[in-house]
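Take a look at the structure set out below.
Keep in mind the model is a prediction, meaning the values are calculated, not measured.
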Amino acid sequence: KESSAASDVYKRQDINYNLDASGKITMIDITSDNWDKLGGFNTAAKEVVVWLTLEQASEVELISGASLTTAAFKEAIKTQL
């Protein structure tokens, strides 16, 4: 599945993920066409949200110290709930 978030403040994020039979994230990959420094956030997100449900992932407080990027991530995930 793929989700995207965009606004004046946040960068667009494309989030690809797989869920297991219990609804937990087993793989996640975050990309963005207009932001070249997403690699570190993508790695940190994998460490934080793998094995969470989408709802739990949408409620994480902070990923890798990046509050605006985390907010965009959470909004993108919420579109899948």
Side-chain angles (χ1 to χ4, degrees):
K1 295 182 178 182
E2 185 173 308
S3 171
S4 298
S7 77
D8 293 335
V9 177
Y10 307 129
K11 302 292 184 182
R12 177 182 167 86
Q13 291 184 7
D14 293 317
I15 301 174
N16 298 302
Y17 57 87
N18 292 330
L19 302 176
D20 68 9
S22 66
K24 294 191 176 176
I25 299 167
T26 59
M27 182 285 302
I28 191 161
D29 189 51
I30 307 162
T31 59
S32 177
D33 290 338
N34 58 356
W35 190 33
D36 62 349
K37 298 181 181 177
L38 195 58
F41 184 83
N42 191 9
T43 300
K46 289 176 184 180
E47 294 173 5
V48 172
V49 303
V50 167
W51 303 118
L52 298 178
T53 65
L54 289 176
E55 185 172 349
Q56 290 167 327
S58 75
E59 296 172 356
V60 295
E61 282 191 42
L62 192 64
I63 298 173
S64 185
S67 60
L68 288 179
T69 307
T70 299
F73 170 81
K74 290 165 57 172
E75 289 302 313
I77 289 291
K78 285 177 184 177
T79 66
Q80 299 299 300
L81 296 177

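When all heavy atoms are compared, the tightest approach of Lys46 to Asp29 is NZ-OD1, 3.9 Å. For the residue pair Ile30 and Ala45, the shortest heavy atom distance occurs at CD1-CB, 3.5 Å. In terms of heavy-atom proximity, Thr26 sits nearest to Val50 at O-CG1, 4.0 Å. What you find for Leu52 and Val48 is that their closest heavy atoms are CD1-O, 3.4 Å. When all heavy atoms of Leu54 and Gln80 are compared, the pair lying nearest together is CD1-CB, 4.0 Å.
Side-chain N or O atoms of Ser58 include none that pairs as donor or acceptor with a backbone N or O of Ile77 at under 3.5 Å.
Other residues, nucleotides and ligands contribute only 12 or fewer heavy atoms inside 6.0 Å of the NZ atom of Lys24. Atom CD of Glu59 has more than 12 heavy atoms from other residues, nucleotides or ligands within 6.0 Å.
A continuous path of hydrophobic side-chain contacts links Trp51 to Ile15 [ILVMFWY only; heavy atoms under 4.5 Å].
Looking only at side-chain heavy atoms (C-beta outward), Val49 and Tyr17 stay at 4.5 Å or farther from each other. Glu47 is listed as a side-chain neighbour of Thr43, based on a closest heavy-atom distance under 4.5 Å.
Taking CG from Asn16 and CD1 from Ile28, the interatomic distance works out to 9.0 Å, rounded to the nearest 0.5 Å.
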